[in-house]
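Heads up: the structure comes next, in structure tokens.
Letters A, B, ... mirror the listed sequences (proteins, then strands); counts begin at 1.
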Amino acid sequence: MRERVLIGTGLALFLALFTYPVWWAAASGTRAAAPQLQLPQHASACVAPASFMRASHMQLLSSWRNDAVRRGVHKFRSPDGRVYDVSLSGTCLGQCHSKAEFCDRCHAYSGVSTPSCWQCHNDPQLAARSIQ
Amino acid sequence: MRNKAVFALIVAVIPACAGAALSNLPSLRLPLAATVSYAACAFFLAGICLRVLRWASIPVPFCIPTTCGQQKSLVWIRPDSLDNPSSGLGAAMRMGGETLFFRSLFRNTRCQVANTRAIFTESRWLWMGAIAFHWALLVIVLRHLRLFVQQVPASVLLLEKIDTLFQVGIPGVCISDLVLLAGLSFLLGRRFADPVLRYISLFSDYLALWLLAGVAATGLLMRHWSRVDVAGVKQFSLGLATFSPVLPHNLGSLFFAHLLLVCALVAYIPSSKLMHMAGVWLSPTRNLANNSRAVRHVNPWNQPVVTHTYAEWEAEYRDKLKEAGIPLEETDVEATYSN
């Protein structure tokens, strides 16, 4: 009898742990909604197609970093032929996106740990200056 | 013997191909992906409960723990309370060591015949591979919680942070992924390399490993090569958790291959040797306390046996035995005193 109680408790614990996302979502009222991002009003296109940016923006930013810091290339030609300054602070955050309303929202939503970008590009002045 | 491995590989590739095919069916993607995911989870949970309850209903009347140390006996003999537990707490501690550190596997030996003599040598490689694989798998499963829980717990974020400590590449290479790959390669490789092991390996041994390898490969390719819209993946998994499935359009074939491989693996667990995840707790040779001397264990299935002892027989034929002059075991009380 004692064993039955022990096994039953263990099984209940396992079920509770496995279904944690389900009952947590029910308890916290989670909806399967996409993250609410503030999109730039005056710019119609990103430096690369949105579908590419959603999955691979870190690759682009990484190559930008290598271009600017290691190769001294400071201009980026987008697939549709426009030329941008290679600058996370100046181009992305300065002209279109707010770090708090765009970058952070999606990163927090997906639980993607904040990349090392912000170790350099995260001064309070920039955060205030970035497009609201 | 190698064809078992090839056959298992072919079977393991089927869900991956099915996933890739699924990604090309825009109208069927969502219903099929959701149905397969729910079915796999239901099969997993029901299967595990069923098998555990069936194990639980089997009586274990005997004290049969396997022990590796001195049993608790006299006060001046020091008992090995961990390897020969005498109480429930000791058994629980031993079970903890077994589940967390695979202590019994650590004592693994290898038997070799040298000069017509059997020689047992310590063999820790299997333990190394197993513990690397299992701990890495746990970390990876826990890391995936970030996709299933809104307001990702700080502990999960911290785990990911520690896991990507070396900051190699963007997104960072996870230590657990490398350890898992190393462990899996070893566990699979030793089945190929050792002729004895190759002979005793079954189709199911290979299938479990190939499925795990497929899951790891598609996951790693998704993270480091083809990339995926993580927010889209999270929306899908949150949809599953809230029973209102949604599927963003930009998830590629690699994601579906990963999903269907995971579903296949999860659904395969209850009917395979992977049930050791629950079975280890229910092994009587591991979860019992060794109190065979302190407590009397009576076999409940003993048939009532009609006995007739010599003492009873002697009492029955006492007079006749005495008359015949046959010596008696039990001396006559009166005769003793009268002499």
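Among all heavy-atom pairs drawn from Pro171(B) and Gln59(A), the shortest one is CD-OE1, 4.3 Å. Taking each heavy atom of Ala108(A) and Val152(B) in turn, the nearest pair found is O-CG2, 4.0 Å. Taking both residues in full, the closest heavy atoms of Ala241(B) and Ala25(A) are given as O-CB, 4.4 Å, listed atom of the first, atom of the second, then distance.
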Given side chain to side chain contact (heavy atoms under 4.5 Å, CB included), test Ile7(A) with Trp55(B) step by step and report yes or no.
CA-CA 10 Å; Ile7(A) 294 169; Trp55(B) 279 328; over 6 Å; no

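If you take CG on Asp229(B) and OG on Ser56(A), they are separated by 9.5 Å, rounding to the nearest 0.5 Å. Met277(B) CE to Phe14(A) CZ: the interatomic distance, rounded to the nearest 0.5 Å, is 4.5 Å. From Arg65(A), atom CZ reaches atom CD1 of Ile170(B) across 5.5 Å, with rounding to the nearest 0.5 Å. Atoms CZ and CG, from Arg31(A) and Leu238(B) in turn, are 12.0 Å apart once rounded to the nearest 0.5 Å. Rounding to the nearest 0.5 angstrom, the gap separating the CZ atom in Arg227(B) from the CE atom in Met58(A) is 5.0 Å.
Between Phe148(B) and Tyr20(A), the gap from one ring centroid to the other reaches at least 6.0 Å.
For chain B, the option among Cys106(A), Ser51(A), Ala34(A) with the highest count of heavy-atom pairs below 4.5 Å is Ala34(A). Per-residue counts of heavy-atom pairs under 4.5 Å with chain A were compared for Val60(B), Val52(B), Ile48(B), Leu45(B); the largest is that of Leu45(B).
Atom CZ of Phe101(B) has 12 or fewer heavy atoms from other residues, nucleotides or ligands within 6.0 Å. Remark: Arg296(B) CZ is loosely packed, at most 12 non-hydrogen atoms of other residues, nucleotides or ligands lying under 6.0 Å away. Annotation for His144(B): atom NE2 does not count as buried by contact number, only 12 or fewer foreign heavy atoms lying within 6.0 Å. Environment of CH2 in Trp301(B): crowded, with over 12 heavy atoms of neighbouring residues, nucleotides or ligands closer than 6.0 Å.
Of the candidates Val228(B), Asn250(B), Val230(B), Arg54(A) forms a side chain to side chain contact (heavy atoms under 4.5 Å, CB included) with just one, namely Asn250(B).
Here the side chains of Cys49(B) and Leu11(A) are in contact, with some heavy-atom distance below 4.5 Å. Using a 4.5 Å heavy-atom cutoff, the side chains of Arg146(B) and Val112(A) are in contact.
Only the side chain of Leu145(B) comes within contact range of chain A, judged by heavy atoms closer than 4.5 Å. Looking at Phe18(A), the atoms closer than 4.5 Å to chain B (heavy atoms on both sides) all sit in the side chain, from C-beta outward. Within the 4.5 angstrom heavy-atom criterion, no atom of Phe236(B) approaches chain A. Heavy atoms closer than 4.5 Å to chain A are found in the side chain of Glu160(B), but not in its backbone. Of the atoms belonging to Ser28(A), not a single heavy atom falls under 4.5 Å from chain B.
In this structure, the side chain of Gln151(B) does not engage the main chain of Tyr109(A) through any donor-acceptor pair within 3.5 Å.
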